[in-house]
Participant: 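Sharing a structure below in structure tokens format, with a few things to ask.
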Amino acid sequence: PTKKSSYNIAMVCDFFYPRMGGVENHIYSLSQHLIRCGHKVIIVTHSYNNNDTSSTDHTKNRRRVGVRYLPGPLKVYYCPFSVMTDQDIVPTITVTFPLWRHIMIREQIHIVHCHQATSVMTNESIVYAAAMGIPSVYTDHSLFQLDDIAGVVLNRVLETTLSQVSAIICVSHACRDNLILRAKLWQTNTNNKNKINNHSNRRPIIKVIPNAVDSSKFTPIISNKTSTTTTLFPPLQQLYDQDNENSINKNTTTTSQQR
């Protein structure tokens, strides 16, 4: 296919503004940078209630639904989907498809970029994109256990949906290793070497793009400096190790008692 100078990209996730968090900020910042690079980016999420206590009485109880615009300009679709728990919509696989399809056709989307394993809209959108022949990208942000009930159920869902994805992005090498084990990605396409054209049997591309810190946003104000003491904050690597976690907790408790 002919390479395009710019793409129409749809960011899909249950978690977005006015909810605040790491995934939400990641999606917003990435969208802003893609817009500055000349791409068209939209956000597809579900509707939110305006619970901001600083809002006026006129807007305090207003529901955030429909199309809104953020700086960029960044177009956001707040779809009227029913929320189940923890700002996740009710999983249906069928009910949300008509509106989702209408948005993709209306915006002429070339790439669907989904975020976070616990997002129902993410898992459904990967399946929808494969059905419509739209390339999809999945970004994994978190580490999950392999031996608890919630982790087992989520891992089985990922094993199904990620078999349809075109590429995967992980925010650290530990996250990559964790995702490969959870979704059994090493088994994809091992016995289907002759079915390269079959989208469901193709091995997804997995890339590691570590989260970065914009140091320009943390520049101290020189005029407010009152001492010559310099505080250093060491960078921390994302790592999940139960034995190491227990060791850290024990050392922290011991140190606190000594103090």
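For the single chain, residues carry numbers from 1 onward in sequence order.
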Participant: Would you compute the distance between atom CG of Leu179 and atom CG of Asn155 and round it to the nearest 0.5 angstrom?
Facilitator: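 One finds 9.0 Å between CG of Leu179 and CG of Asn155.
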Participant: So if you build clusters from Ile, Leu, Val, Met, Phe, Trp, Tyr with side-chain heavy-atom gaps below 4.5 Å, do Val120 and Val157 land together?
Facilitator: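 Result: no, two separate clusters.
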Participant: Not counting sequence neighbours, which residues clear salt bridge (Lys or Arg N to Asp or Glu O under 4.0 Å) with Asp140? List them please.
Facilitator: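 Partners of Asp140 by the salt bridge (Lys or Arg N to Asp or Glu O under 4.0 Å) criterion, ordered by chain and then number, come out as Arg182.
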Participant: Is it the case that over 12 heavy atoms from other parts of the model lie below 6.0 angstrom from the CZ atom of Arg101?
Facilitator: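 Check fails, neighbour count at 12 or below.
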Participant: OG/Ser31 to CD1/Ile43 distance, rounded to the nearest 0.5 angstrom?
Facilitator: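 Separation between the atoms: 3.5 Å.
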Participant: So if I apply the side chain to side chain contact (heavy atoms under 4.5 Å, CB included) rule between His26 and each of His115, Gln116, Met11, which one comes out positive?
Facilitator: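 So, applying the side chain to side chain contact (heavy atoms under 4.5 Å, CB included) to His26 and each of His115, Gln116, Met11, only His115 qualifies.
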Participant: List the atom of Ile105, the atom of Met132, and the distance in Å for their closest heavy-atom pair.
Facilitator: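 Ile105 and Met132 have their closest heavy atoms at CG1-CE, 4.1 Å.
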Participant: Taking the side chain as every heavy atom from C-beta outward, state whether Cys114 and Val112 have any pair of such atoms under 4.5 Å apart.
Facilitator: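 They are in side-chain contact.
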Participant: Is there a donor-acceptor contact under 3.5 Å from the side chain of Tyr128 to the main chain of Ile93?
Facilitator: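 Indeed, once roles are kept as given, a pair shorter than 3.5 Å links the two residues.
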Participant: Apply side-chain contact (heavy atoms from CB on, under 4.5 Å) to residues Lys40 and Ile9 and explain how you reach the verdict.
Facilitator: CA-CA 6 Å; Lys40 175 185 176 181; Ile9 305 171; over 6 Å; no
Participant: Quick one: NE2 on His173 to CG on Asp177, what's the gap to the nearest 0.5 Å?
Facilitator: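 That separation rounds to 8.5 Å.
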Participant: Counting neighbours of CD1 on Ile149 that are heavy atoms of other residues, nucleotides or ligands and sit closer than 6.0 Å, is the number greater than 12?
Facilitator: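 No, because the 6.0 Å sphere around CD1 of Ile149 holds 12 heavy atoms or fewer from other groups.
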Participant: Check whether any side-chain N or O of Gln164 sits under 3.5 Å from a backbone N or O of Thr161 as a donor-acceptor pair, and report yes or no.
Facilitator: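 A pair under 3.5 Å: no.
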Participant: Once rounded to the nearest 0.5 Å, what's the spacing between atom CG of Leu74 and atom CZ of Phe16?
Facilitator: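 The CG atom of Leu74 sits 5.5 Å away from the CZ atom of Phe16.
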Participant: Any idea which heavy atoms bring Ile126 and Leu162 closest together, and the distance?
Facilitator: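 Smallest heavy-atom distance, with atoms named: CD1-CD2, 4.1 Å.
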Participant: Among Lys75, Met121, Glu107, whose side chain to side chain contact (heavy atoms under 4.5 Å, CB included) with Val44 holds?
Facilitator: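 So the option named by the test is Met121.
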Participant: Go through the steps for Thr118 and Leu154 under the test side-chain contact (heavy atoms from CB on, under 4.5 Å), then give the verdict.
Facilitator: CA-CA 7 Å; Thr118 55; Leu154 180 60; 3.9 Å; yes
Participant: To check you understand the geometry: which heavy-atom pair defines the closest contact between Cys170 and Cys175, and what is its length?
Facilitator: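 Smallest interatomic distance, heavy atoms only, reads CB-SG, 4.1 Å.
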Participant: Between Phe97 and Val127, is any pair of side-chain heavy atoms under 4.5 Å apart?
Facilitator: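 Side-chain contact under 4.5 Å: no.
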Participant: Taking a hydrophobic cluster as the set of Ile, Leu, Val, Met, Phe, Trp and Tyr residues connected by side-chain heavy atoms closer than 4.5 Å, whether directly or through intermediates, do Ile209 and Ile27 fall within one such cluster?
Facilitator: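 Yes, it is one cluster - the side chains of Ile209 and Ile27 are joined through contacts under 4.5 Å.
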Participant: Would you mind reporting whether Thr96 and Cys79 have side-chain heavy atoms less than 4.5 Å apart?
Facilitator: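 Not in contact.
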Participant: Quick one: hydrophobic cluster around Val90, which other residues, with the 4.5 Å side-chain cut-off, linked directly or via members?
Facilitator: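 Result for Val90 is Met84.
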Participant: Are any non-hydrogen side-chain atoms of Thr45 and Val76 less than 4.5 angstrom apart?
Facilitator: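 A side-chain contact exists here, since the closest heavy-atom pair is under 4.5 Å.
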Participant: Taking a hydrophobic cluster as the set of Ile, Leu, Val, Met, Phe, Trp and Tyr residues connected by side-chain heavy atoms closer than 4.5 Å, whether directly or through intermediates, do Tyr28 and Met20 fall within one such cluster?
Facilitator: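 Yes, Tyr28 and Met20 fall within the same hydrophobic cluster.
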Participant: How long is the gap from OG1 on Thr139 to NZ on Lys207, to the nearest 0.5 Å?
Facilitator: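 Output value for this atom pair is 14.0 Å.
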Participant: Could you tell me which non-hydrogen atom of Ala129 sits nearest to which non-hydrogen atom of Trp100, and how far apart they are?
Facilitator: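 Shortest heavy-atom contact: N-CH2, 3.6 Å.
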Participant: Phe15 and Ser119: which non-hydrogen atoms are nearest, and at how many Å?
Facilitator: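 Answer, listing the atom of Phe15 first, then Ser119: CE1-CB, 4.0 Å.
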Participant: Does any non-hydrogen side-chain atom of Asp14 lie less than 4.5 Å from one of Gln87?
Facilitator: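 No; the side chains remain at least 4.5 Å from each other.
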Participant: For residues Val83 and Ser47, report the shortest heavy-atom separation together with the two atoms involved.
Facilitator: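 For Val83 and Ser47, the tightest heavy-atom pair comes out as CG2-O, 4.4 Å.
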Participant: Give the intermediate values and the outcome of ring-ring contact (aromatic ring centres under 6.0 Å, His included) for residues Tyr48 and His46.
Facilitator: CA-CA 7 Å; Tyr48 278 85; His46 63 74; 4.5 Å; yes
Participant: Do Ile35 and Tyr17 land in one hydrophobic cluster if side-chain heavy atoms of ILVMFWY residues count as linked below 4.5 Å?
Facilitator: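 Looking at the clustering, Tyr17 is in the same group as Ile35.
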Participant: Examine Leu70 and Leu34 and state if one hydrophobic cluster contains both, with Ile, Leu, Val, Met, Phe, Trp and Tyr joined whenever side-chain heavy atoms are less than 4.5 Å apart.
Facilitator: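 Same cluster.
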Participant: Counting C-beta onward and ignoring hydrogens, is there a side-chain heavy-atom pair between Val137 and Ile111 closer than 4.5 Å?
Facilitator: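 A side-chain contact exists here, since the closest heavy-atom pair is under 4.5 Å.
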Participant: ring-ring contact (aromatic ring centres under 6.0 Å, His included): which pairs involve residues 63-82, sequence neighbours left out?
Facilitator: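 For residues 63-82, and leaving out neighbouring residues, there are no ring-ring contact (aromatic ring centres under 6.0 Å, His included) pairs at all.
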Participant: Taking the side chain as every heavy atom from C-beta outward, state whether Pro80 and Leu99 have any pair of such atoms under 4.5 Å apart.
Facilitator: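 Touching, per the 4.5 Å side-chain cut-off.
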Participant: Checking the side chain of His141 only, and the main-chain atoms of Val23 only, is there a donor and an acceptor separated by less than 3.5 Å?
Facilitator: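 Between the backbone of Val23 and the side chain of His141 there is no qualifying donor-acceptor contact (under 3.5 Å).
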Participant: Do Ser136 and His113 come within less than 4.5 Å of each other through their side chains, counting heavy atoms only?
Facilitator: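 Heavy-atom side-chain distance check fails, nothing below 4.5 Å.
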Participant: Got a second to check how far Leu158's CG is from Lys184's NZ, nearest 0.5 Å?
Facilitator: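 Going from CG on Leu158 over to NZ on Lys184, the span is 12.5 Å.
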Participant: Donor-acceptor pair, distance only, cut-off 3.5 Å: does the side chain of Tyr7 make one with the backbone of Ile109?
Facilitator: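 No; zero donor-acceptor contacts below 3.5 Å.
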